[in-house]
Amino acid sequence: MTETVLSIVPDMEVPDFLVREIQAKLAYVDEAITSARVSPGVEGIELSLNGPADKTTTERLSAKVNHLVEAMADGAFEPRLSVLEDYLDRPTSFAADPMDELYKSREVVREGSGYYILGPLLSALIDFFAERVVDAANQFGAKPYRFPALISPGYLERVKYFSNFPHSLSFVTHLREDMEVIEKFSEDGCCKDGLVHAADGSYGDPDAMLSPTVCHHLYMSLTDSVLPEEGLIATAEGNCFRYESTNMASLERLWNFTMREIIFVGSADFVGEGLEKARDMMRQTLDDMALAYKVESATDPFFIGNYRDQAAYQSAFELKHEVRALLPFKGDTIAVGSYNRHKDFFGRSLNIKQADGEFAETGCIGFGFERLAFAFICQHGFDPNSWPDAPSAHYRRLSEGWHSNNAPDYGDVPSF
Ligand code: ATP
Ligand code: ZN
Ligand code: MG
């Protein structure tokens, strides 16, 4: 396939504060786009394409890119960025991109686009961090929950996930209950280039979705309920699925990742105080990991057409703060966790009431384990002996109990 590059200067300038968001959204603009680079101001947008940039393609892409930029930038105002914590100058001991090394040792194995197997080193590191979040949850007296990887489409529609994040949804279906369809698939069904091929009409409409986040399940379980006077604090760990298209590369942005959340449901003060206290607790753990990071206000990656208003609302009320860890090899940061307030959005949508009859407010903290582990390795490398004390000791303790500390012989460099 011929790879070509197409430069487009949109009619409307891309403001600095929208460069990251517009760049991420370009992945969803057209299937011909394999990657994009956005420069602020009049410099324009550079698209890599999986085919020729002929006249029709150029016209089509120009129109779509202009639509995207206008939908996001027209009338947008620069969000007020507030930085709550800044430890970005904490010393780090590693500076390279670790992915090649992680692939070579099969510490990371790519199963498919956006989903990876993690080996013992990363798993032990995640175990260290996961325990700390559980400790924090226990200090709150949070009740444990277990949630499925599937989530009800009716629920996601009800809480506006369909309209706010349609680009990242993951649909689940199965063969229709029809003997002929099933027999045909058993004979002819095949997988080619990672795609499943079945005869037309083999699948029904999706009747489940893959869950994009953890806390939604708790809110669903509270539909039409009245909270106890003292509110509710819960914790759960779960698989999350967000289709991030061509932005899925390395462990930074996955289709399937795992997260533990601590979730607060009750009055505005209860939720606000809970989130503040949780941030204090997490600061200690991030310090023990010697992580270079900052905590700053942020917005969610809403769909193109909904972005401006939803993001403006979140920003005006400072509803979201992200823990952004340094990736030294890129000179950039990435969100490894977030503190989120939803005001009474879920309370109203699902009829969850406080004991006094007001709609309940909700909020959560969530840390993505793969991202956190990746950022840590980017900052402190692969050798647990040179890690900061707390994660290093945890690794030692775990690995002493392993049947063997030798790795299989993987032969030549694998082609994952
Ligand atoms: P981003 O700003 O990077 O798109 P987000 O704002 O969508 O992330 P949240 O919804 O706040 O992220 O999710 C909480 C945490 O889940 C993130 O801080 C991150 O650690 C993790 N996370 C979110 N999306 C992904 C992903 N695609 N791959 C891996 N981890 C993710
Ligand atoms: Zn949540
Ligand atoms: Mg974000």
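Side chains included, hydrogens not; waters and symmetry mates left out as well; all remaining heavy atoms used. In listed order, ligands and their atoms are each counted from 1.
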Between Val83 and Val295, does a side chain to side chain contact (heavy atoms under 4.5 Å, CB included) hold up when you go through it step by step? CA-CA 6 Å; Val83 178; Val295 178; over 6 Å; no
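Nearest protein neighbour of atom 17 (C) of ligand 1, counting heavy atoms only, is Ala335 O, 3.9 Å. Closest to atom 18 (O) of ligand 1, if we only count protein heavy atoms, is Gly337 N, 3.0 Å. The protein atom (non-hydrogen) at minimum distance from atom 15 (C) of ligand 1 is Met259 SD, 3.8 Å. The nearest heavy-atom contact from the protein to atom 28 (N) of ligand 1 is Leu254 N, 2.8 Å. For atom 5 (P) of ligand 1, the nearest non-hydrogen atom of the protein is Arg242 NH1, 3.9 Å. Regarding atom 27 (N) of ligand 1, its nearest protein heavy-atom neighbour is Glu244 OE2, 2.7 Å. Ranking the protein heavy atoms by distance from atom 4 (O) of ligand 1 puts Arg253 NH1, 3.0 Å first. Of the protein's non-hydrogen atoms, Phe257 CE2, 3.4 Å is the one closest to atom 25 (C) of ligand 1.
Between the side chains of His321 and Ser338, not a single donor N or O lies within less than 3.5 Å of an accepting N or O. Judged by distance alone, the side chains of Asp300 and Gln310 never bring a donor and an acceptor atom under 3.5 Å apart.
Looking at Asn340 next to ligand 1, no N or O pair under 3.5 Å apart turns up. By the 3.5 Å distance cut-off applied to N or O atoms, Gly368 is counted among the residues near ligand 1.
Glu322 contributes OE2 as its N, O or S atom closest to the Mg ion (ligand 3).
A donor-acceptor contact shorter than 3.5 Å links the side chain of Arg242 to the backbone of Pro212. At least one donor-acceptor pair under 3.5 Å links the side chain of Asp409 to the backbone N or O of Gly411.
Only the side chain of Arg371 comes within 4.0 Å of ligand 1, counting heavy atoms alone; its backbone N, CA, C and O stay farther away. The proximity of Val336 to ligand 1, defined as any non-hydrogen pair under 4.0 Å, is limited to the backbone.
Counting atoms of ligand 1 from 1 in the listed order, those under 4.0 Å from a heavy atom of Glu322 are 2 (O), 6 (O). Which parts of ligand 1 touch Ser338 is read off a 4.0 Å heavy-atom cut-off, strictly below it: atoms 9 (P), 11 (O), 14 (C).
Ion pairing between Asp288 and Arg132 holds under the 4.0 Å rule for side-chain N and carboxylate O.
Centred on the Zn ion (ligand 2), the angle running from Cys364 (SG) to Glu261 (OE1) is recorded as 100°, rounding to 10°.
The shortest side-chain heavy-atom distance between Leu49 and Leu61 falls under the 4.5 Å cut-off.
Remark: among candidates Glu252, Lys320, Met248, the nearest residue to atom 11 (O) of ligand 1 is Lys320, based on non-hydrogen atoms.
Taking the six-membered ring wherever Trp is involved, the centroid distance between the rings of Tyr155 and Tyr161 does not fall below 6.0 Å.
By the 6.0 Å and 45° rule, Lys294 does not stack over the aromatic ring of Tyr87.
Other residues, nucleotides and ligands contribute over 12 non-hydrogen atoms within 6.0 Å of the NE2 atom of His197. Annotation: Glu318, atom CD; neighbour count of heavy atoms from other residues, nucleotides and ligands within 6.0 Å is above 12.
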